[in-house]
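Both ligands and their constituent atoms are indexed starting at 1 by order of listing. This is a predicted model, so every value here is computed, not measured.
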Amino acid sequence: MAKKEFKSESKRLLDLMINSIYTNKDIFLRELISNASDALDKLYYRSLTDENVKVNKDDLMINLAFDEKKRTITISDTGCGMTKEELENNLGTIAKSGSLNFKENMNKEEKVNIIGQFGVGFYSAFMVSDKITVTSRSIDSDEAYVWESEGADGYTIEKSKKKNVGVGTEIVLHIKADTDEEDYSKYLNEYELKSLVKKYSDYISFPIKMECTHHELKDEEKHEYEDHKCVETLNSMIPIWRKDKKDVEDSDYENFYMDKFNDYDKPIKVISSSVEGMCSYKALLFIPSHAPYDYYTQDYEKGLSLYANGVLIMERCGDLLPDYFSFVKGVVDTEDLSLNISREILQESHSLKLIAKNIESKIRKELEDMLLNDRENYESFFKTFSVQLKYGVYNNYGADKEKLENLIMFYSSKKQKLITLKEYVENMKEGQDTIYYASGSSIAKIDSLPQVEQVKDKDYDILYLTEYVDQFAITAIQEYEGKKFINVESEDLNLESEEEKESTKKVNEDNSDLLTAMKDEIKEVSEVKFTNKLKNHPVCLTSKGDVSIEMQKVFDAMPNDMGIKAQMILEINEKHPIAQKLKDLYAGDKDEFIKYTKILYAEARMIAGLPVDNPTEISTLVCEVISK
Ligand code: ADP
């Protein structure tokens with residue numbers, strides 16, 4: 001029979017698996033058991049929603065067996081099974097998770113991480129097997145098919161020769177021969193298999209059965225024993241979220257998380273909650289320590305696994321999580337929903353809404369608590385998911401801002417680390433009545449902004465906004481504890497004394513012709529003026545009104561130009577020698593004056609991080625001036 005090739009990406013993955021880049025080979029068993037459990041869940045759910053499918057709950061189980069002589073381990077389940085097409089699609093590719101982009105220069109660890117994110121699942125069996133035979137009959141088919149593969153060079157599929165194969169799947173692993181480094185034979189052992197099931201799959205809600213051998217004392221006097229075989233259920237079957245917290249080790253929760261949600265890393269936080277009252281449910285929630293590879297793509301689907309009385313009714317229930325907590329993973333098990341509730345009714349369900357509300361506030365409280373008591377971890381969490389939280393602040397016209405404003409942090413110019421808004425306000429100087437912030441693409445760039453200097457000189461702290469969502473979030477918050485936010489880039493920071501203001505006003509009045517001439521040359525700015533706030537810098541751009549220069553950059557980068565522009569002001573430092581130079585040129589050499597105007601405006605744009613539209617012209621002008 002012709003061998004079929006694996007899809008090329010699967011082949012590369014298989015190569016990696018077979019060459020065992022995973023150090024923890026033990027996980028193959030939990031992956032296969034977990035697939036079996038999913039198949040049983042699917043079949044059971046089908047029986048609740050399809051009257052043609054009848055299932056006896058007692059028949060739903062997973063069987064484990066091994067044969068030391070033949071070197072095989074068999075995992076079978078009475079789940080939904082797979083059709084020929086499903087065998088082909090599910091086991092012939094891993095394409096479901098999108099493309100695997102291994103770069104040539106990636107190291108082993110990076111590859112493991114990528115693979116981990118795809119949930120190697122079934123393929124992990126190749127770490128310990130040199131041949132795998134899968135026999136499966138789907139609930140939708142009268143025939144059973146056999147899929148077989150010896151590794152990366154391909155697989156075969158044919159109709160099963162056996163008669164009367166029941167619905168479900170049987171996977172036979174042919175265990176590799178031992179090598180100098182690796183003892184594969186250890187898996188062909190009752191004790192080893194039992195302890196692997198206990199360790200990784202105890203919570204599985206269907207019985208995992210195996211025929212076990214007991215030494216029974218036959219004759220006490222003669223000390224004679226007899227081997228006695230009986231089928232045992234290896235797992236406690238109590239879902240981990242239903243267990244008492246004190247009976248569960250941290251590592252149990254972590255293993256459950258990594259297995260169920262295909263993560264190679266422990267979660268940064270485990271939240272377990274049990275609620276009785278208006279609504280009753282148990283929830284086990286996890287905050288991942290890093291964003292899933294597809295988190296910031298359209299493909300990412302938020303949601304929690306929803307169980308009704310221990311039965312999975314929805315793999316990913318999005319309604320249980322607000323968008324701003326979409327990174328949370330976990331399960332919710334409730335008695336308040338009926339098993340065969342349809343998806344449409346579920347969405348409208350009052351109980352579900354109540355649970356969702358509770359869960360939202362539980363997550364929020366836990367995060368607030370982490371921020372207070374476990375700062376280091378919180379910061380690490382925040383660095384990973386801050387964009388989502390800040391997006392939550394301004395989304396829906398700021399409807400949720402009160403819920404989230406105490407969870408967000410910004411870099412502080414004074415503390416030189418992340419601080420909360422509360423911390424900023426607590427440390428405000430006497431007489432300071434606004435919260436200052438500055439935006440730019442990096443801390444270093446913001447630090448060197450001319451406008452930042454004057455605020456620092458007054459010994460005020462400044463929040464540095466480096467993410468494009470930041471300013472939108474701040475704009476949505478408007479004020480915190482009665483303190484308004486003010487962008488250091490805005491025109492009027494109100495930092496000057498009355499005399500200073502008076503004297504600048506006079507300079508501007510005295511030079512109004514010069515300033516108008518400059519303004520006429522640069523169409524994009526709404527005003528050109530002398531100011532005295534710039535210390536050593538010659539020029540800068542500030543903005544007036546609701547749209548800041550940083551926001552304009554975001555709008556400019558959007559595919560459909562909505563024409564939203566900041567109202568910019570070109571400020572010239574009246575104490576800088578350039579001020580006098582401009583006055584001299586305006587009086588003596590108008591052509592030269594225009595050239596200087598163009599150069600200065602280009603400089604101000606560069607400092608603000610805006611593109612210079614006429615770089616060739618500007619560089620010619622600069623050369624002309626400096627060659628003199
Ligand atoms: P994952 O479980 O992450 O989807 P796997 O490679 O482990 O990835 O499995 C691929 C698919 O094969 C599963 O999604 C499922 O549809 C199917 N499958 C695997 N094992 C079984 C099984 N025992 N019974 C029915 N279907 C299965």
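- Considering backbone and side-chain N/O atoms, F122 comes within less than 3.5 Å of an N/O atom of ligand 1.
- Of the candidates G79, S136, A39, G168, A39 brings a heavy atom nearest to atom 24 (N) of ligand 1.
- In this structure, K57 satisfies the cation-pi test against Y44, with its NZ or CZ atom closer than 6.0 Å to the six-membered ring centre and inside 45 degrees of the ring normal.
- Two rings, from Y394 and Y391, have their centers less than 6.0 Å apart.
- Contact annotation for D77 and ligand 1: only side-chain heavy atoms (C-beta onward) come within less than 4.0 Å of the ligand.
- Listed by first and then second residue, the side chain to side chain donor-acceptor pair (under 3.5 Å) pairs involving residues 71-82 are R71-S185 (not counting sequence neighbours).
- Heavy atoms of E86 come nearer than 4.0 angstrom to ligand 1 in no pair at all.
- For K198, the NZ atom counts as densely surrounded, since its 6.0 Å shell holds more than 12 non-hydrogen atoms of other residues, nucleotides or ligands.
- The shortest N or O to N or O distance between N90 and ligand 1 is below 3.5 Å.
- Heavy-atom distances between E31 and ligand 1 stay at or above 4.0 Å for every pair.
- Between Y295 and F385, a ring centre-to-centre spacing shorter than 6.0 Å is recorded.
- Residue-ligand proximity, K42 to ligand 1, at heavy-atom distances under 4.0 Å covers atoms 16 (O).
- Close approach of ligand 1 to M82 (heavy-atom distance below 4.0 Å) involves ligand atoms 17 (C), 18 (N), 21 (C), 25 (C), 26 (N), 27 (C).
- Between W241 and Y307, the ring center distance clears the sub-6.0 Å criterion.
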